[in-house]
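Throughout, a chain's letter reflects where its sequence line sits, starting with A, and its residues are numbered from 1. Because the structure is a prediction, the values reported are computed rather than measured.
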There are 2 protein chains.
Amino acid sequence: MTDNLPPGVSLSDFESAIGELRELLPLDSIVIDNPAEVRSYRDPWRVTPEEVLPSAAVLPRNVEEIQDVLGVARKYRIPLWTISTGKNYAYGGPAPRKAGYIVLDLKRMNRILEVNEKYGYAVVEPGVSYFDLYNYLQRTGSKLWIDPAAPGWGGVMGNALERGAGYTPYGDHFVFQCGMQVVLADGSVVETGMGALPQSNTSALHKYGCGPSVDGLFTASNAGIVTKMGIWLMPEPPGFKAFKISFPNETDLVPIMEVLRPLKLNLVIPNGTPVVGPIYELGHVATRAQYQDGKGPISEDALRKLVSDYDVGMWNVYSAFYGPPPIIENNWKVVEEAFRSIPGGKIYLEGDRPHDEAFKYRIELMRGIPNMAEYGVVNWAGGAGHLDFVPVSPINGEEALRQFYAMKERLGEYKLDYCGEFMAAWRFMAHVNLILFDVFDLDEKARVNECYNHLIDDAVELGYSEYRTHPDYMDKIANTYSWNDHSLLKTHEKIKDAIDPRGILAPGKSGVWPKHLRAG
Amino acid sequence: MTDNLPPGVSLSDFESAIGELRELLPLDSIVIDNPAEVRSYRDPWRVTPEEVLPSAAVLPRNVEEIQDVLGVARKYRIPLWTISTGKNYAYGGPAPRKAGYIVLDLKRMNRILEVNEKYGYAVVEPGVSYFDLYNYLQRTGSKLWIDPAAPGWGGVMGNALERGAGYTPYGDHFVFQCGMQVVLADGSVVETGMGALPQSNTSALHKYGCGPSVDGLFTASNAGIVTKMGIWLMPEPPGFKAFKISFPNETDLVPIMEVLRPLKLNLVIPNGTPVVGPIYELGHVATRAQYQDGKGPISEDALRKLVSDYDVGMWNVYSAFYGPPPIIENNWKVVEEAFRSIPGGKIYLEGDRPHDEAFKYRIELMRGIPNMAEYGVVNWAGGAGHLDFVPVSPINGEEALRQFYAMKERLGEYKLDYCGEFMAAWRFMAHVNLILFDVFDLDEKARVNECYNHLIDDAVELGYSEYRTHPDYMDKIANTYSWNDHSLLKTHEKIKDAIDPRGILAPGKSGVWPKHLRAG
């Protein structure tokens, strides 16, 4: 059957559990005996040598089947690792926190339950991807836009639950979430917010019901299994105008962020604004091997040649306006003038650079059209691996430049390229670092791991940390949030023990372990 | 000492508790022996005959003193009812859920800990009122606006925690909250979100840290004592333009809400839009007694005379634009045209009606200037009482009219006036009903109570309910959120028992009772 048992579960208990699951679920709902199928739940990009495979996967079709699985998991205390699309490979993909967990794969629950044109929202199940929702809206002639994450195969729900971001004004996906259905570890089903009202007609319209708002508890979390979620959709605006501005110098980052801050704070620019470095900008159309022999990091000369070949900047700013054309033009005038105060910028509008693949896919994302273009960046280093490091800090030019240099230097020490962008949101910036590596190069992967740990420590010293991470680093990152003897983490643990007393749901997710696994 | 003991606490335990508090806290921090002072914590507008007085009040000056109080409360299992400013008299004011609780009055913790001009936020303690914050910003020459609730004496934190709303584009106060410090029942102090990171510089900039987001747990809740909160503030916009549009007929409500929905959904109108009925509109400048002899409800003739005397509409729409003047003018054109499609509307801009007190105070609120004008509405019925009933439903004309007629009829049955407005937010409307009554008229108060219960039942039948309420009705309203055998409420209870095992924090708040008080 398996030699990869869940932690703390005996072979005979495990066999009994699988036997019971087989009685409860259709035959094809349990993945266990086919090694290739089991291996499809691995993290193909792990940088540490240990293989983290699930013991099995179960694929329920509905809430009742989830309840059946939970019953068995509770009985034998088997950890379940819930995934929806499982496609965020920067953060572990479908693989569990520890080897031997059973993956609870919700991809078959992929119905779009409602699209409400009048009020601008959709209600989706976990398996619905951005592509699914977009195609459905196109097919039905909807006038609603989605806000996709960069890779369109991602899950609408999973991304919001992990507090992902997109590129339209609806980019803070958890803010635009409204109403959830959650199955708790004991099998009970809860509707949050207004959905708890029988015959409610506002579950996807008003974010809070009566009493505490629990939606946040189920984000980045192992508190329950979310099976349904409302997400607000933006009505097609009467006009759209995208721009790209490229700046020639690394140090231009300082004035760029200083110009951006008030434009973002005042929402003159209504969507998240990435300020993109050269490799993030071009890694999906070029590879390092085309520019230098051997491994990284890329030399300054090669970098300059890359930038010059494609005529892009050392920093490239993307954003868009949405609304009636006269309003767009007014805002554009303000933004254009502000950026013209920085010497050397080149300003482009839609249509200006027909062969600029980066501009093209960015425009699509800002228009709510999902695609996979950016994903190609993983080929830059050869071997298609990446791991993301995304600290959050105030929108500030000096701070951005300092982070950029520090990160580049640290990555360089480990012979890794800096492939980053600063994503300016409302009041903060996320410094998105894609650490690219060759999955077949064991030495490089070891360096990535060491570097990643180093980056976490560097960040803490400077007062910032990451808002999400790969399962392998969850404990370490969670422990950086250590104020007052880890009192927040202890609170998470207290709540975890109360609503999942058997500790079966995703033990270790975001650093939160159930009681019986905490001691170890 | 007191004959008003906390539920389940013996006189000797209570005396020991007070004795210990007296050793721990300065003399003036404990209110108990002065009946007038204790009575200052009553709900002056209770409509039911039972007197609900605390046994005592304690007024800590800082977190350490709160921890001291918690220690004593845990030891003797004394319920604490936390208030900040305690000024929301529509919902019980400072009075506890049950007689005998000790009120934990945080009004002395009233420091403005930080105002950040660059990033647009403030960090405040519980006792900071809208007036306090506004005056501070004015005094220091700040260019940041606040978003006050209608009565300016309300608390910035308390209002956000109870999910109150204001009238600028920053009107959803919980959305604009960022970062909290919370003292849990066990005395441990937690920073939520990015604040859990030592030396964090993003606690008031980025709403989520690593792992579950718990901020919502502490809203409308008895899960902890919030002692500090970040709140985003709007930078002064380059332009501001307010309007009022009055419509002559009750049935105009249908097209008004239909016109409003897309304007709100698309944020052409960026702030919450009240659509105000005549008594809500004029109750702060006129009284019923001036228009008819005897009690309510007001006759149709008298209502028409009132409306005509002040030249207002049966419905009066208020909103404003914020931003560069050309953008304002463009949006205003769209809004003006949309409302002109409804015959009979009268359109006013700032300055048009210098003697219109309602327009005046509404403009102030939309400009972020706190005031107490609207509060005068409580004098309409004589005797200054009111109780709020605020169901939430989709923005919809037919639905609004149906609710208006149903509510008016039900109130009329109980000889009460309809004093309501529909507040259109992004995707929902809150139907704000102020039930006005004479606090000295026992018969009228009995009718208000019966009517209120009736209104709750009416609403549930139609699929909607209230998002907050007076303590007396918390159980009833919480029980309307009954989907799947009250599974959400049961989840609240589970969490409550885990983080407040002695059940000392505000038992019964939002219908959530600790285990030892649930059975009863």
- Task: Counting only heavy atoms closer than 4.5 Å, note whether B/K509 contacts chain A via side chain, backbone, both or neither.
- Result: neither

- Region of B/N222 in contact with chain A, defined by heavy-atom distances below 4.5 Å: neither

- Query: Can you find a side-chain donor-acceptor pair between A/N271 and A/T168 that sits under 3.5 Å?
  - Reply: no

- Item | Part of B/E329 within contact of chain A (heavy atom distance under 4.5 Å) | neither

- Item | Per-residue contact mode, B/R163 against chain A (heavy atom under 4.5 angstrom) | side chain

Expected list for residues 195-202 of chain A: side-chain donor-acceptor pairs under 3.5 angstrom, two or more places apart:
{"residue": "A/S200", "atom": "OG", "partner": "A/M194", "partner atom": "O", "Å": "3.0"}
{"residue": "A/S200", "atom": "OG", "partner": "A/T202", "partner atom": "N", "Å": "3.2"}
{"residue": "A/S200", "atom": "OG", "partner": "A/S203", "partner atom": "N", "Å": "3.4"}

- B/D457/B/K476 ion pair, N-O < 4.0 Å: yes

- Which answer fits B/V175, side chain, backbone, both or neither, if we ask what part of it has an atom under 4.5 Å from a heavy atom of chain A? both

- Message: So for B/I328, is it side chain, backbone, both, or neither that comes closer than 4.5 Å to the heavy atoms of chain A?
- Response: neither

- Item | Largest heavy-atom contact set with chain B, pairs under 4.5 Å, which of A/S393, A/S188, A/A220, A/G511 | A/A220

- Note on the structure: Contacts of B/V390 meeting side chain to side chain contact (heavy atoms under 4.5 Å, CB included) (sequence neighbours excluded), chain-then-number -> B/Y91, B/D388, B/A430, B/V432, B/Y467

- Item | Verdict with supporting geometry, B/F176 and A/W426, ring pair (Phe, Tyr, Trp, His ring centres under 6.0 Å) | CA-CA 11 Å; B/F176 288 86; A/W426 206 340; 5.6 Å; yes

- Segment of B/W232 engaging chain A (4.5 angstrom heavy-atom cut-off): both

- Message: Is B/P324 close to chain A through its backbone or its side chain, or both, or neither, when contacts mean heavy atoms under 4.5 Å?
- Response: side chain

- Please flag which part of B/H206 lies under 4.5 Å from any non-hydrogen atom of chain A: side chain, backbone, both or neither. both

- Query: Among residues 179-186 of chain B, which ones touch chain A with a heavy-atom distance under 4.5 Å?
  - Reply: B/Q181, B/L184, B/D186

- Message: Enumerate the salt bridge (Lys or Arg N to Asp or Glu O under 4.0 Å) contacts for residues 390-399 of chain A, please, sequence neighbours excluded, ordered by first and then second residue.
- Response: A/E399-A/R402

